[in-house]
Amino acid sequence: MASSLANNLRKIYPFYISGRPVLVDNNPLQVVNKHDGQVVTHVSVASAEDINDAIENGTAAEHKMKKLPSYTRKKILGDLAGELLKMKEDMAKVIAFEAGKTITDATGEVLRAVDVLQHSSEEAVRNEGDYVHADISPRADGMRGIVSRFPRGLSTLITPFNFPLNLAVHKVGPAIAAGNPFILKPSPRTPLSSILFGKLLEKTDLPKDCWSIINCDTDDIKPLVEDQRVKMVSFTGSTEVGWMLNKMAGNKKVHLELGGNAANIIDRTCNLDHSVDRIAWGSFYNGGQSCISAQRIYVHEAIYEEFKQKLLEKVSSFKILEPNDPAAFLSPVISDDSAERLMNNIEEVKRKGGRVLCGGTRSGNIIMPTVLEDVSRDSSLYHSEAFGPICILRKFTNFHDACTAVNNSAYGLHAAVFSENIHHIFYAYEHLKVGGVVVNDVSSTRADALPYGGVKLSGKGREGVKSAIQDMTEEKVLLLKNILKN
């Protein structure tokens, strides 16, 4: 797949400053096929001066973007969705090689991005406000209020490698709908899909000065976060980097969508076969590289052995196939370093008395799906994010105790409960300290029409199109006094 596709790629691709492509062939960024390690193309790297130009022009464009009618923003986003759908196959091939996905997963990512753009288009014309009777006491006699939301202004959008297109669209779509100019900074490991998305932006009516897409050296990223002309930073990525950027950002608005070690509770009343199928998918799809991957699996003792055997049977059926095979499921992790880290973590589990029920081996950068048991609580894979195809089984007796165990984590993004017991479902909803509780599906499930985000170290703020638009805007009050007085 990669060699034939590489023949159709340019030798080097530009970045975008204020909607204009800039081609620089000095020390470009390599785009590597994660399936075979081959360099397939390059992407130009922006200088510190380029970044300052993007910030300066984006700041100057705030008024222009703010004045853009809602119906125009709607059309821009609808046009983007249509153009992306037209290039579905080409974009999927790019995502497949630069992120190491199967063609099936890559195609699914493109289609999901289309959905997010369409949803953003719809929300662009729903910037609702409030008319408030504020006369709550004699002191406020005659007071009325109008509350509207206004764009925050120039926003830096920083995205990771694991869903390079979809997570970019999750930020760009709401930014356009909200009326914010933006600078998109994709992961250096997967820059090409965002640059190709820039070619689609070029075709729309979005004013050129209102957007930039750049790749830059780590040393040059600081202004994108620290510069006071930037009004908001939205970051998806690692926990360590996210909270570091939060400190760097000062008093500006910051949205963080960070890591997790998602727990899934398999209650004794669950549909067992369904639970097995969904855990097998949610723990191992995309090489386990999802912040809501099913990592900690708590299974009721009455069904523990049966669940375990069925899960091992299911996982043992996964085979390494060519990535363009529609039946392919297993993917490599993003780098040699990631594969080495995961193998070291598995060895640590074994040294501390844990058992490897299946997997625990490596083929290139594919870590075979690994199921662990009796994992010590002080093992890295128990208390930290794996970000790889690994899950841990533990049994429980009492549902309330299982919820307590779920909460015994520094993270709190998603958790899942497989159960037909409505009391247990609502107990989990009330007591689990996470941003979202999924019922009868795996923690990896996300509905883009709903708020999405975490608590504790997992971040702050919420994505999901409507919630992201709220984060990207701020309320302003018009307080009226006695204007209705006769």
Side-chain angles (χ1 to χ4, degrees), residues 16-21 54-86 113-132 144-157 168-184 194 197-213 229-234 252-253 255 448-449 451 461-480:
Y16 286 88
I17 298 294
S18 303
R20 296 165 181 84
I55 294 173
E56 183 174 336
N57 295 340
T59 302
E62 287 178 349
H63 182 73
K64 183 188 297 185
M65 191 69 175
K66 178 181 176 182
K67 291 298 183 182
L68 205 63
S70 297
Y71 61 82
T72 302
R73 298 178 206 163
K74 176 181 179 179
K75 181 179 183 301
I76 289 167
L77 289 161
D79 290 347
L80 270 175
E83 291 296 327
L84 180 57
L85 188 60
K86 289 178 186 177
V114 171
D115 286 347
V116 171
L117 288 169
Q118 290 174 334
H119 188 190
S120 298
S121 173
E122 295 162 3
E123 289 295 335
V125 292
R126 295 176 184 160
N127 186 9
E128 300 172 349
D130 288 311
Y131 178 79
V132 182
R144 300 289 186 272
I146 296 175
V147 184
S148 300
R149 303 196 73 89
F150 290 82
R152 290 187 181 275
L154 179 62
S155 302
T156 293
L157 315 176
V169 165
H170 263 284
K171 299 182 187 299
V172 170
I176 295 173
N180 289 331
F182 64 88
I183 301 171
L184 173 63
S194 289
F197 184 70
K199 291 181 66 66
L200 302 185
L201 282 169
E202 283 190 277
K203 298 180 180 181
T204 72
D205 297 328
L206 187 64
K208 299 298 183 186
D209 291 347
C210 294
W211 63 276
S212 297
I213 303 175
R229 292 172 293 178
V230 175
K231 310 306 189 305
M232 179 179 179
V233 176
S234 179
K252 60 176 61 73
K253 176 71 174 181
H255 170 267
D448 295 324
R462 292 293 181 268
E463 286 198 340
V465 173
K466 186 174 182 179
S467 297
I469 291 172
Q470 288 186 333
D471 266 5
M472 292 177 171
T473 55
E474 52 191 347
E475 289 183 326
K476 184 187 290 186
V477 172
L478 179 65
L479 180 58
L480 307 169

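The first residue of the sequence shown is numbered 1, and numbering continues consecutively from there.
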Would you sort out whether Arg20 and Asp209 count as a side-chain contact (heavy atoms from CB on, under 4.5 Å), showing the intermediate values? CA-CA 9 Å; Arg20 296 165 181 84; Asp209 291 347; 3.2 Å; yes
Just so I know, are the side chains of Leu80 and Leu84 near enough to count as touching, which here means a heavy-atom distance under 4.5 Å? no
Side-chain heavy atoms of Tyr16 within contact of Lys199, under 4.5 Å: yes
Within the side chain of Asn180, is there an N or O that forms a donor-acceptor pair under 3.5 Å with the backbone of Gly153? yes
Arg149 with Asp130: basic N within carboxylate O range, under 4.0 Å: no
Give a yes or no on whether the backbone of Leu117 and the side-chain of Ser121 come within a donor-acceptor separation of less than 3.5 Å. no
When every non-hydrogen atom of Arg73 is compared with those of Ala177, the smallest separation belongs to NH1-O, 3.1 Å
Give a yes or no on this: more than 12 heavy atoms of other residues, nucleotides or ligands lie within 6.0 Å of atom NZ of Lys208. yes
Are any non-hydrogen side-chain atoms of Asn127 and Thr473 less than 4.5 angstrom apart? no
If you count every heavy atom of other residues, nucleotides or ligands that lies below 6.0 Å from Lys231 atom NZ, does the total exceed 12? yes
Answer whether the closest heavy-atom distance between the side chains of Arg152 and Val230 falls below 4.5 Å. no
Step-by-step side-chain contact (heavy atoms from CB on, under 4.5 Å) determination, Asp115 to Gln118: CA-CA 5 Å; Asp115 286 347; Gln118 290 174 334; 3.8 Å; yes
Hey, what do you get for OG1 (Thr72) to CE (Met65), rounding to the nearest 0.5 Å? 10.5 Å
So, Lys253 and Asp471, do they make that salt bridge, N to O below 4.0 Å? yes
Check: Val233 main-chain N/O paired with Ser155 side-chain donor or acceptor under 3.5 Å: no
Nearest 0.5 Å please: distance from the CG atom of Asp448 over to the OG atom of Ser467. 11.5 Å
Separation between CD1 of Ile76 and OG of Ser120, rounded to the nearest 0.5 Å: 12.5 Å
About how many Å separate OG of Ser148 and CD of Glu128, when rounded to the nearest 0.5 Å? 11.0 Å
Shortest non-hydrogen contact from Leu77 to Ala124? CD1-CB, 4.3 Å
Find the distance between CG (Leu68) and CG (Leu206) and round it off to the nearest 0.5 Å. 7.0 Å
Nearest heavy-atom contact between Ala449 and His119 is CA-CE1, 3.6 Å
Nearest heavy-atom neighbours spanning Ile213 and Ser194: CD1-O, 3.5 Å
Under the side-chain contact (heavy atoms from CB on, under 4.5 Å) criterion, do Thr204 and Ile176 qualify, and how do the steps go? CA-CA 12 Å; Thr204 72; Ile176 295 173; over 6 Å; no
Can you check whether Phe197 reaches Val169 side chain to side chain, under 4.5 Å on heavy atoms? yes
Please confirm whether the backbone N or O of Lys171 pairs with a side-chain atom of Glu463, one donor and one acceptor, at under 3.5 Å? no
Pairwise distance CZ(Arg126) to NZ(Lys466) - rounded to 0.5 angstrom: 8.0 Å
Any donor and acceptor pair, going by atom type alone, linking the side chain of Arg229 with main-chain N or O of Ile55 inside 3.5 Å? no
Would you say NZ of Lys74 has more than 12 non-hydrogen atoms from neighbouring residues, nucleotides or ligands within 6.0 angstrom? no
CA sep, side-chain torsions, deciding dist, call: Met232, Phe182, side-chain contact (heavy atoms from CB on, under 4.5 Å): CA-CA 9 Å; Met232 179 179 179; Phe182 64 88; over 6 Å; no
